[in-house]
2 protein chains.
Amino acid sequence: MPDPLFAPTENAAEPDLESQLSQARAIARKAGKTLTPVREYFYKRLLCEGPLGAYELLAGLDGVASAKPPTAYRTLEFLQELGLIRKLQSVSKYIATPLSAVSSPMAFVVCRQCGLTEKLECDPAQTSVFDRARKSGFDQLDATIEISGRCGRDDCPGDRLRTGRST
Amino acid sequence: MPDPLFAPTENAAEPDLESQLSQARAIARKAGKTLTPVREYFYKRLLCEGPLGAYELLAGLDGVASAKPPTAYRTLEFLQELGLIRKLQSVSKYIATPLSAVSSPMAFVVCRQCGLTEKLECDPAQTSVFDRARKSGFDQLDATIEISGRCGRDDCPGDRLRTGRST
DNA sequence: TGTATATCGTTATAACGTAACTTTTTTGAT
DNA sequence: ATCAAAAAAGTTACGTTATAACGATATACA
């Protein structure tokens, strides 16, 4: 039976990059904002390359822009406010939100050896830690749910310890 | 009815500090380690003062020890390995684990205005995101579950915006 | 006593993030 | 068109958080 609380995202075919970008532009427009070139560049890289740090994103801007930290952090904050990306607090990296989940809480499973990250969409109505927080009087809730573990893949660097390969 | 997944910790009387310390020493001994003075000092402060950053803890060591960052991070790593403390990833602070929860996952609810932090103990058997991670082949799981929100207390600094007090 | 392990000290620097102020660009009203 | 306001980007400088690498000391116990 399917797990009601956490569903893996993007199980079917990967959505087309251009269509994701145009949906993102629409989301920005609805908020009275625009996806400028740097914003679009960051979002595109996070869509294509998975979790990246602020300085990694910045490094890709050689010549394209001024490439200094405040630019990166402003851009990341902007994309987070729209829900287009999230921060993985446990590794200080950023990751694109599937468009189906821009306004739902998410959970992530992160391999502590290789960084492989699985995205999970949460049903907020069934995520009981939210209820618990509200019962304590908290509002304007925002979730950070990250499970770190070992992914167990054959090519995960950490697995070399387990497969008998020497040195 | 009580929430089965997340239960607030330390609802009853606060345990006695000395008894917590001696239990912590016992936990260290069982692991073949010892609670040295700096370790005990950090743990004690986290027990008494709530979430603190590495450099805040360090600052308290004036003269008592060499007071340099690696000492702090080694000490914090040691206490984390024993389960005596956890890191609040979303605010880069550390917090003491209730002794009842040294080996269970925990969740935290953190006020983004004033830092007030509520500790919640999780039942791992019912924390479905763990199942989801295992189904994906992950093992040696470690949870980071942090809800940030506004605590809504009268004396929370952020509330000044809502109570009509001017500037 | 000697050797292995645990612990701590020290220097230096990497990695992550922000404050504060300036300049440029865009937008929309007149 | 042009001007004022708002949004976005540039720039300098710095603050905060964390780690690498290596050396010194202490402790356990064969």
(message) With a 4.0 Å limit, can you tell me whether A:T71 has a side-chain N or O closer than that to the phosphate oxygens OP1/OP2 of D:dG10?
(response) yes
(message) Given D:dA18, C:dG17, D:dA21, identify the nucleotide with an atom nearest to the side chain of B:R74.
(response) D:dA21
(request) Calculate the interatomic distance between A:L57 atom CG and C:dC16 atom P; express it in whole Å. (result) 11 Å
(request) Check whether any side-chain N or O of B:T75 sits under 3.5 Å from a backbone N or O of B:T71 as a donor-acceptor pair, and report yes or no. (result) yes
(request) For A:L58 and D:dT11, give me the distance from atom CG to atom C1', rounded to whole Å. (result) 13 Å
(request) Indicate whether OP1 or OP2 belonging to D:dT19 is found under 4.0 Å from a side-chain N or O atom of B:Y73. (result) no
(request) Please check if any side-chain donor atom of B:S100 sits under 3.5 Å from a side-chain acceptor atom of B:E121, or the reverse. (result) yes
(message) Any carboxylate oxygen within less than 4.0 angstrom of a Lys/Arg side-chain nitrogen, looking at A:E56 and A:K93?
(response) yes
(message) How many whole angstroms separate atom NZ of B:K33 from atom P of C:dT5?
(response) 12 Å
(request) Find the distance B:L88:CG to D:dA18:P and express it as a whole number of Å. (result) 11 Å
(message) So B:K93, base contact, sugar-phosphate only, or nothing? Heavy-atom distance under 4.0 Å.
(response) nothing
(request) Report yes if a donor N or O on one partner sits less than 3.5 Å from an acceptor N or O on the other, where the partners are the side chain of B:Y55 and the base of D:dA18; otherwise report no. (result) yes
(message) Using the side-chain heavy atoms of A:S92, tell me which of these nucleotides is nearest: C:dC16, D:dT11, D:dG10.
(response) C:dC16
(message) Distance check needed: C:dA6 P versus B:F78 CZ, whole Å only.
(response) 11 Å
(request) Hey, could you give me the NZ/CD distance between B:K87 and A:Q89, rounded to the nearest 0.5 Å? (result) 9.5 Å
(request) Measure the distance from CD on A:E81 to P on D:dA8 and round it to the nearest whole Å. (result) 10 Å
(request) Nearest whole angstrom, please: distance from the P of D:dA8 to the CG of A:L79. (result) 12 Å
(request) Give the rounded distance in Å between these two atoms: CD of B:Q89 and C1' of D:dT17. (result) 12 Å
(message) Measuring from the side chain of B:R39 (C-beta onward, heavy atoms only), which nucleotide among C:dG17, C:dT10, C:dC8 has the closest atom?
(response) C:dC8
(request) Would you mind telling me which residue lines up with the more 5' stretch of DNA chain D, B:A54 or A:T34, judged by nearest nucleotide? (result) A:T34
(request) With the side chain of B:T36 defined as its heavy atoms from C-beta on, choose the nearest nucleotide among C:dT10, D:dA8, C:dC8. (result) C:dC8
(request) Scan B:L61, B:L35, B:L84 and name whichever one has a side chain to side chain contact (heavy atoms under 4.5 Å, CB included) with B:F42. (result) B:L61
(message) Quick check: on DNA chain C, is the nucleotide nearest A:P70 upstream (toward 5') of the one nearest B:P69, or the reverse? Name the residue that is more 5'.
(response) B:P69
